[in-house]
Q: 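The structure follows.
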Amino acid sequence: MIKNHSTEILKETIRPGIAWEKYQHVFKEVNIPAKTILLNEGEISKKGYFIKEGCLRLWFNNKGKDITFQFFFENEAVSSSESFRSGEPSLFSIETIEPSTVYVITKKSYEEIFLNDPQYASFVQEIILKRLSHYTRLFMSYIKNTPEERYRELLKNSPHIIKRVPQHYIASYLGITSVSLSRIRNRV
């Protein structure tokens, strides 16, 4: 069971009107060391995560190269939603960057809540739309911006990433090498 202070975090983060007290029994609080794979690319996702503390990243392997495409921090939900919902293999891996504490929900519990609570279903749709918006902005940035412009944008819009995420993951996220990122950082 989630402890009382944990329930308060969920209440503050989640949209008002969702009665988390009635769902707290389906979330399991788990402490996870840094650099732990929660889901491997190609596996079928059977769990969703809500981050209490820590940082996670989504990444995939492209011809032996590790490509990071999103970071998640406190009070954010993460899963391979396509795999979780469809039962198809995940297109990416989920890994902790820092020691993390997460609330875990199984697919079965998620589906029961999703089908029986329209407010929860609406909340999940908002999360998915937010994630889609992020992917759209990232895609457009790769097309129209230089690596330095992408770094400046990251620095402006998400300085917490610069402060908490190792440089090699940031370089991967920006689509450049660590050496190129160092040069950009020296110019900026």
Side-chain angles (χ1 to χ4, degrees), residues 2 10 13-14 23 26-117 120-143 150 154 158 160-161 164-176 178:
I2 296 175
L10 286 171
T13 304
I14 307 305
Y23 301 128
V26 300
F27 288 91
K28 180 180 178 187
E29 184 174 330
V30 179
N31 295 310
I32 304 168
K35 299 187 179 209
T36 299
I37 301 288
L38 301 177
L39 176 69
N40 281 301
E41 180 178 346
E43 291 179 351
I44 296 172
S45 177
K46 296 180 179 159
K47 297 176 182 171
Y49 306 93
F50 183 85
I51 305 167
K52 177 181 176 186
E53 295 175 351
C55 176
L56 280 67
R57 74 181 181 116
L58 304 185
W59 64 279
F60 62 93
N61 183 301
N62 183 23
K63 299 175 187 168
K65 195 173 183 183
D66 178 320
I67 308 295
T68 299
F69 66 95
Q70 194 163 14
F71 302 103
F72 291 86
F73 299 90
E74 289 81 7
N75 301 321
E76 292 184 311
V78 61
S79 72
S80 175
S81 54
E82 302 81 5
S83 176
F84 194 68
R85 298 283 309 271
S86 70
E88 295 178 8
S90 177
L91 299 174
F92 54 84
S93 296
I94 302 173
E95 179 181 20
T96 59
I97 293 176
E98 303 171 344
S100 301
T101 302
V102 299
Y103 304 119
V104 182
I105 187 169
T106 64
K107 181 176 180 174
K108 181 181 176 192
S109 294
Y110 163 83
E111 287 175 341
E112 286 174 13
I113 298 170
F114 189 84
L115 292 173
N116 295 312
D117 189 330
Y120 182 79
S122 177
F123 166 70
V124 170
Q125 289 172 342
E126 286 177 23
I127 290 173
I128 292 170
L129 287 173
K130 183 178 175 186
R131 195 159 150 190
L132 179 61
S133 175
H134 170 82
Y135 294 148
T136 302
R137 284 191 310 276
L138 184 64
F139 177 73
M140 295 302 292
S141 180
Y142 272 92
I143 292 172
R150 288 196 299 273
L154 184 65
S158 303
H160 61 286
I161 291 176
R164 290 179 62 182
V165 173
Q167 185 170 325
H168 64 284
Y169 293 142
I170 294 171
S172 171
Y173 177 75
L174 294 172
I176 58 178
S178 292

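By convention here, the first residue in the shown sequence is residue 1.
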Q: Taking all non-hydrogen atoms of both residues into account, name the closest pair between F84 and G48 and its distance.
A: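 Scanning both residues, the minimum pair turns out to be CE1-N, 3.7 Å.
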Q: Ring centroids only, cut at 6.0 angstrom: are F71 and Y173 within range, meaning strictly under it?
A: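 Ring centroids of F71 and Y173 are less than 6.0 Å from each other.
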Q: Verify the distance criterion only: is there a donor paired with an acceptor across the side chains of S141 and R137 at less than 3.5 Å?
A: no
Q: Check the angle between the aromatic planes of F69 and Y135 and answer parallel, tilted or perpendicular using the 30° and 60° thresholds.
A: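 Rings of F69 and Y135: tilted, 30 to 60°.
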Q: Please give me the minimum heavy-atom distance between S45 and S83, naming the atom from each residue.
A: N-OG, 2.8 Å
Q: Exactly one of R57, R164, K35 should register a salt bridge (Lys or Arg N to Asp or Glu O under 4.0 Å) with E98. Which one does?
A: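 Answer after filtering R57, R164, K35: R164.
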Q: How close do L38 and I32 get, heavy atom to heavy atom, and via which atoms?
A: CD2-CD1, 3.5 Å
Q: So do N75 and F50 actually touch side chain to side chain, heavy atoms under 4.5 Å?
A: yes
Q: For K107 and G87, work out which heavy atoms get closest and say how close.
A: NZ-N, 4.1 Å
Q: What are the two closest heavy atoms between F92 and L39, and how far apart are they?
A: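 Nearest heavy atoms, F92 then L39: O-CD2, 4.2 Å.
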Q: Step through the shown structure and confirm whether more than 12 heavy atoms of other residues, nucleotides or ligands are within 6.0 Å of NZ on K46.
A: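 Counting neighbours around NZ of K46, 12 or fewer heavy atoms of other residues, nucleotides or ligands fall under 6.0 Å, so no.
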Q: Around F139, counting heavy atoms of other residues, nucleotides and ligands shown, do more than 12 lie under 6.0 Å from its CZ?
A: no
